[in-house]
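To start, the structure itself, in structure tokens.
All ligand and atom numbering here is 1-based and tracks the order in the structure. What you are looking at is a predicted structure, and each value in this text was computed from that prediction instead of being measured.
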Amino acid sequence: MVVLAKGELEQIALPAVHKTAPPLANMPEVDLAVAGSGSDGRAAAGRAVAAACEEHGFFKVTGHRVPAELLARVENAAAAFFALSQRDKEAAMSAATPGSPFGYASKRIGNNGDLGWVEYLLLGVTASTGGPLSVPEGVVPSASLCSFRDLLNEYTVAVRRMTCQVLELMAEGLRMEDRDAFTRLVLHKESDSMLRVNHYPPRPELKLLQQQHGGGGRVTGFGEHTDPQIISVLRSNATSGLEIALRDGAWVSVPPDQTSFFVNVGDALQVLTNGRFRSVRHRVMVNSVRPRVSVIFFGGPAPRETLAPLRQLVGEGGRSRYREFTWREYKASAYRTKLAANRLGHFETTS
Ligand SMILES: C=C1C[C@]23C[C@@]1(O)CC[C@H]2[C@@]12CC[C@H](O)[C@@](C)(C(=O)O1)[C@H]2[C@@H]3C(=O)O
Ligand SMILES: O=C(O)CCC(=O)C(=O)O
Ligand SMILES: [Fe+2]
């Protein structure tokens, strides 16, 4: 249960003027089974991925071969974890390094005063500790939580593999000479990747508020933001809530699909593509009836990686829209900002 102190709900509830967002029309979709079926299928999938990243910075992935049974096990284990008492959840992750964003938390998102109707686990992912996840072994107190950790490891391995297929298609769609340019960053042994498990408990009283205020009374689960990393790959249960902002600033909802993944372009990929791919602004609204559980893999570069628009994508005589910076520098700057900030603003070059 997410428990709120007096006054906190007002900060999370959006003003009543916010209308329910209409569903995204013509959801861009890429079928990895077709992409893997030969060079024509691959080229077409690459073009579709690039078009979706340019228009929305967002698309759905089907045909991914991550077993449905693994997805169901992760969803059930996450639900079981969040059903634990507040004390057990906090104890389960209490050994996370103090001051680091990792561990269990509820309502507070980041360190800059953002609140949401959400509780979550945020875990570091690294290839250098042998396993894909760097959650310290001693953190989890019971046998069942140890198996949750193992399960998240298994999930991360499968999703990272699929993420790399998607990143290769992006490079293909951009007609890059170096098709591994993006994958290399995420597969680097020091890649700063993360896994986040979010739980948005339902708010049954919203139904009543909606009736009284005629469409108002929406509660923010996770406020609007862009993801700082290269790519985010999300899977949720069958509960709605995710919304993305279109180019014209209009918000649309993403119909849930528990059999598929959704891909977000992150800030770092917007930089690498010199703004050709769009880091998508998104948010999550709370459902009045059903809990939403989502699991997101954030693929990030190594801290010392230098990021700048790729020469091939700037073109001869073209202008680089972003100055060069390291991921460490960008992340430190991003983590000092509020959730809704335009984090790339500081790194833009002036024309
Ligand atoms: C308010 C914040 C939370 C966040 C760090 C930040 O200062 C700004 C970026 C936020 C975000 C969004 C995407 C991911 O969920 C996240 C883990 C990330 O890398 O950047 C969160 C950060 C967080 O929850 O700590
Ligand atoms: O929980 C979701 O569906 C999306 C959350 C999100 O955008 C994030 O954790 O960065
Ligand atoms: Fe996000």
Side-chain angles (χ1 to χ4, degrees), residues 2 11-12 21 57-58 60 74-75 78 82 93 96-97 99-125 186 191-201 219-245 251 253-258 260-270 278-287 290-301 303 327-328 330-346:
V2 180
Q11 291 181 54
I12 292 176
F58 182 83
K60 185 194 265 206
V74 169
E75 186 178 317
F82 289 116
M93 292 292 155
T97 318
S100 93
F102 297 139
Y104 167 82
S106 86
K107 296 174 301 185
R108 291 180 207 295
I109 301 172
N111 284 326
N112 307 309
D114 290 286
L115 293 174
W117 188 250
V118 63
E119 57 178 342
Y120 60 87
L121 273 176
L122 187 56
L123 310 172
V125 171
V186 172
S191 147
D192 177 22
S193 295
M194 291 183 213
L195 192 72
R196 179 169 203 137
V197 190
N198 290 326
H199 173 227
Y200 304 89
V219 169
T220 311
F222 205 117
E224 66 173 271
H225 66 284
T226 60
D227 293 344
Q229 291 79 5
I230 296 171
I231 187 171
S232 315
V233 180
L234 176 148
R235 190 257 167 196
S236 78
N237 64 355
T239 303
S240 64
L242 181 62
E243 299 184 353
I244 64 165
W251 286 95
S253 60
V254 176
D257 178 352
Q258 59 187 331
S260 302
F261 286 87
F262 292 95
V263 170
N264 288 350
V265 169
D267 297 347
L269 190 53
Q270 178 168 320
R278 172 170 177 260
S279 179
V280 63
R281 195 158 268 273
H282 55 287
R283 66 185 182 194
V284 178
M285 305 309 295
V286 173
N287 194 284
R290 291 166 46 83
R292 174 177 168 89
V293 175
S294 58
V295 184
I296 306 117
F297 171 76
F298 300 96
W327 172 245
R328 178 182 282 114
Y330 187 67
K331 195 172 167 193
S333 156
Y335 273 58
R336 283 193 294 268
T337 61
K338 296 274 282 184
L339 197 53
N342 167 20
R343 285 177 266 285
L344 276 177
H346 294 300

Next on the checklist: Given 3.5 Å as the limit, does a donor-acceptor pair link the side chain of N237 with the main chain of V293, or not?
Outcome noted: yes
Checklist entry - Any luck finding a side-chain donor-acceptor pair between D267 and Y330 under 3.5 Å? => result yes
Item to check | N, O or S atom within D227 nearest to the Fe ion (ligand 3), by name | outcome: OD1
Checklist entry - If you check every N/O/S atom of H225, which is the one nearest the Fe ion (ligand 3)? => result NE2
Item to check | Side chain, backbone, both or neither: V118 near ligand 2, heavy atoms under 4.0 Å | outcome: neither
Next on the checklist: Can you tell me which portion of I296 lies within the under-4.0 Å heavy-atom range of ligand 1? Options are side chain, backbone, both, or neither.
Outcome noted: neither
Checklist entry - Would a distance-only check, ignoring hydrogens and angles, find a side-chain to backbone donor-acceptor pair under 3.5 Å from T239 to P291? => result yes
Next on the checklist: Return the CD1 to CD distance between I230 and Q270, rounded to the nearest 0.5 Å.
Outcome noted: 13.5 Å
Next on the checklist: Need the ligand 1 atom indices (1-based, order shown) with element for anything under 4.0 Å from a heavy-atom of Q229.
Outcome noted: 18 (C), 19 (O)
Checklist outcome for this item: Value for CG (L344) from OG1 (T226), rounded to nearest 0.5 Å, stands at 6.5 Å
Checklist entry - Any nitrogen or oxygen of Y335, main chain or side chain, under 3.5 Å from a nitrogen or oxygen of ligand 1? => result yes
Item to check | Under 4.0 Å to a heavy atom of F298 - the qualifying atoms of ligand 2, by number | outcome: 8 (C), 9 (O), 10 (O)
Next on the checklist: Check contact between R343 and ligand 1, using heavy atoms of the residue and a distance below 4.0 angstrom.
Outcome noted: yes
Checklist entry - Under 4.0 Å from any heavy atom of H225, which atoms of ligand 2 are there? => result 6 (C), 7 (O), 8 (C), 10 (O)
Item to check | pair Y335-N111: side-chain heavy atoms closer than 4.5 Å | outcome: no
Item to check | Nearest protein heavy atom with distance in Å, relative to atom 3 (O) of ligand 2 | outcome: R292 NH2, 2.7 Å
Checklist entry - Rounded to the nearest 0.5 Å, what separation is found between the NZ atom of K331 and the CZ atom of R336? => result 13.0 Å
Item to check | Distance filter under 4.0 Å to S294 heavy atoms, resulting ligand 2 atoms | outcome: 1 (O), 2 (C), 3 (O)
Item to check | Identity and separation of the nearest protein heavy atom to atom 5 (C) of ligand 2 | outcome: N198 ND2, 3.3 Å
Checklist entry - Short question: side chain of R343, backbone of D227 - any donor-acceptor pair under 3.5 Å? => result no
Next on the checklist: Distance under 4.0 Å to a non-hydrogen atom of D114: what atoms of ligand 1 satisfy this?
Outcome noted: 1 (C)
Checklist entry - With atoms numbered from 1 as shown, which atoms in ligand 2 lie under 4.0 angstrom from a non-hydrogen atom of R196? => result 9 (O)
Next on the checklist: If I take atom OG from residue S253 and atom CD from residue E243, how far apart are they, to the nearest 0.5 angstrom?
Outcome noted: 6.0 Å
Checklist entry - Which one holds for A334 and ligand 1: side chain close, backbone close, both close, or neither close, with close meaning a heavy atom under 4.0 Å? => result backbone
Checklist entry - Any N or O of T226 that comes nearer than 3.5 Å to an N or O of ligand 1? => result no
Item to check | For T337, the ligand 1 atoms whose distance to one of its heavy atoms is below 4.0 Å | outcome: 1 (C), 6 (C), 7 (O), 8 (C)
Checklist entry - Looking only at atom types and distance, does a side-chain atom of S232 sit under 3.5 Å from a main-chain N or O of F298, one as donor and one as acceptor? => result no
Checklist outcome for this item: Between S240 and N287 the two heavy atoms that sit nearest each other are OG-ND2, 3.3 Å
Checklist entry - Salt-bridged, R108 to D114, with N to O below 4.0 Å? => result no
Next on the checklist: Only heavy atoms of H282, strictly under 4.0 Å: list the atoms of ligand 2 that pass.
Outcome noted: 7 (O)
Item to check | Nearest candidate to atom 12 (C) of ligand 1, where distance is taken over non-hydrogen atoms, out of R336, K331, H225 | outcome: H225
Item to check | Parallel, tilted or perpendicular, as decided by the 30° and 60° cut-offs, for the rings of F82 and H199 | outcome: parallel
Checklist entry - Do the numbers put R196 on top of the ring of Y120, so that NZ or CZ is under 6.0 Å from the six-membered ring centre and no more than 45° off the axis? => result yes
Next on the checklist: Show me which atoms of ligand 1 lie under 4.0 Å from any heavy atom of N112.
Outcome noted: 7 (O)
Checklist entry - Which of the numbered atoms in ligand 2 are below 4.0 angstrom from a heavy atom of D227? => result 10 (O)
Next on the checklist: Suppose I only count heavy atoms of V284 and a 4.0 Å limit; which atoms of ligand 2 are within that range?
Outcome noted: 1 (O), 2 (C), 3 (O), 4 (C)
Next on the checklist: Please list, in number order, the atoms of ligand 1 under 4.0 Å from a heavy atom of R196.
Outcome noted: 14 (C), 15 (O), 16 (C), 17 (C), 21 (C), 23 (C), 24 (O)
Next on the checklist: If the cut-off is 4.0 Å to any non-hydrogen atom of L234, which atoms of ligand 2 fall inside it?
Outcome noted: 2 (C), 3 (O), 4 (C)
Checklist entry - Should one rank F222, Y200, Y120 by closest heavy-atom distance to atom 8 (C) of ligand 2, which comes out on top? => result F222
Checklist entry - Under the side chain to side chain contact (heavy atoms under 4.5 Å, CB included) criterion, do F222 and Y200 qualify, and how do the steps go? => result CA-CA 9 Å; F222 205 117; Y200 304 89; 3.6 Å; yes
